[in-house]
Amino acid sequence: MDNSLRLEKNTAEHNVEQIRISEWVVNKKEWTCEFSVMFLDAFVNWEWPVMFCYQDFNDADPYSRAFRLETNARAISTFKGEGVSQIGYGDESVNKIGAFILYAVTFSNDNLNIYCNGKQISKNYKIKPEYNFKCLSRIMLGFGGTNGFNGCIKNFRFSSTVHTAEKIAADSKLDELPVEEDTVLYMPLKKDLSMYGHYND
């Protein structure tokens with residue numbers, strides 16, 4: 001599919017595929033992360049398209065030191081993980097097979113704000129003090145874990161500032177997110193899976 005990256009969970013034909021965005025990109029004290037997700041087959045269980053990992057995340061324990069987007073077939077999505085209270089919401093317009101859903105997450109001063117298709121679904125979602133973290137160690141797309149993800153991700157943009165709700169709503173109407181002054185990594189993810197962007201101090 002043009003301008004998107006396809007990731008597949010464990011099947012008879014495929015091994016788990018995932019992309020890891022490393023610390024040199026995401027070690028920012030405040031940020032905005034935007035991405036579009038499309039599911040390509042029937043849901044077997046909860047699927048994990050995107051996972052945000054704290055500094056001391058350990059691959060052997062994906063349920064600790066991270067929070068993630070999970071989605072299932074009942075038109076329910078949730079952000080949950082260690083150090084955060086679960087946010088769950090249902091929307092019949094999302095989680096349809098073959099349709100892109102645009103998410104945005106902002107972080108500043110231990111607060112997360114989460115958006116779906118330009119609409120704010122959580123405001124000032126506080127990280128619990130005992131799990132305080134200053135920046136991320138990595139972001140994982142298509143994490144295998146116990147569930148995996150079979151689908152496409154496109155329009156991935158990681159920015160070193162916190163975008164306003166108005167900007168996120170306006171950008172959600174664009175076919176492709178633009179590269180801007182605060183863009184740290186931008187991945188339209190062409191057919192050859194190339195990724196490009198620039199790094200800001």
(request) Check the pair T106 / Y115 against side-chain contact (heavy atoms from CB on, under 4.5 Å), numbers first and verdict last. (result) CA-CA 9 Å; T106 69; Y115 303 79; 4.3 Å; yes

(message) Under the criterion side-chain contact (heavy atoms from CB on, under 4.5 Å), I'd like the reasoning laid out for Q120 against N113: C-alpha separation, chi angles, the key distance, then a yes or no.
(response) CA-CA 7 Å; Q120 191 163 14; N113 287 280; 3.0 Å; yes

(message) Between V37 and F100, is the side-chain contact (heavy atoms from CB on, under 4.5 Å) condition met? List the steps.
(response) CA-CA 5 Å; V37 175; F100 275 107; 5.7 Å; no

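The two residues F107 and L112 have their closest heavy-atom pair at CD1-CD2, 3.8 Å. I153 approaches P49 most closely through the heavy-atom pair CD1-O, 3.8 Å. Contact between F57 and M51 at its shortest, heavy atoms only, is CE1-CE, 3.7 Å. Across every non-hydrogen atom of I139 and C33, the tightest pair is CD1-SG, 4.1 Å. Contact detail for N155 and E176: the closest heavy-atom pair is OD1-CA, 3.4 Å. Looking at every heavy atom in both residues, I168 comes nearest to E34 through CG1-OE2, 4.5 Å.
The line from CG of D175 to NZ of K154 is 7.0 Å long, rounded to the nearest 0.5 Å. Between atom CG of residue N117 and atom CD1 of residue I101 there is a gap of 7.0 Å, rounded to the nearest 0.5 Å. The CG atom of L136 sits 6.0 Å away from atom CZ of F158, with the distance rounded to the nearest 0.5 Å. The distance from atom SG of C152 to atom CG of L141, rounded to the nearest 0.5 Å, is 12.0 Å. In this structure, the separation between OG on S172 and NZ on K119 is 12.5 Å, given to the nearest 0.5 Å.
Not counting sequence neighbours, the partners of F52 by the ring-ring contact (aromatic ring centres under 6.0 Å, His included) test are W31, F67. By the side-chain contact (heavy atoms from CB on, under 4.5 Å) test, A169 is found to be paired with no residue, residues two or more places apart in sequence or in another chain being considered. Applying the side chain to side chain donor-acceptor pair (under 3.5 Å) rule to T161 yields the partners D182; only residues at least two apart in sequence or on another chain are considered. Applying the side chain to side chain donor-acceptor pair (under 3.5 Å) criterion to K167, with sequence neighbours excluded, gives D171, E180. In this view, D61 and Y63, S64 satisfy the side-chain contact (heavy atoms from CB on, under 4.5 Å) rule, not counting sequence neighbours. With sequence neighbours excluded, the residues forming a side-chain contact (heavy atoms from CB on, under 4.5 Å) with E30 are S108, V162, listed by chain and number.
No path of Ile, Leu, Val, Met, Phe, Trp and Tyr side chains, each step under 4.5 Å between heavy atoms, connects L69 with L102, placing them in separate hydrophobic clusters.
N58 CG: more than 12 foreign heavy atoms inside a 6.0 Å radius.
Two residues are said to be in side-chain contact when any heavy atoms from C-beta on lie closer than 4.5 Å; M140 and C53 meet this criterion.
No donor-acceptor distance shorter than 3.5 angstrom exists from the side chain of R157 to the backbone of V179, with no hydrogens or angles considered. Although no hydrogens or angles enter the test, the distance criterion places a donor-acceptor pair under 3.5 Å between the side chain of Y186 and the main chain of L177.
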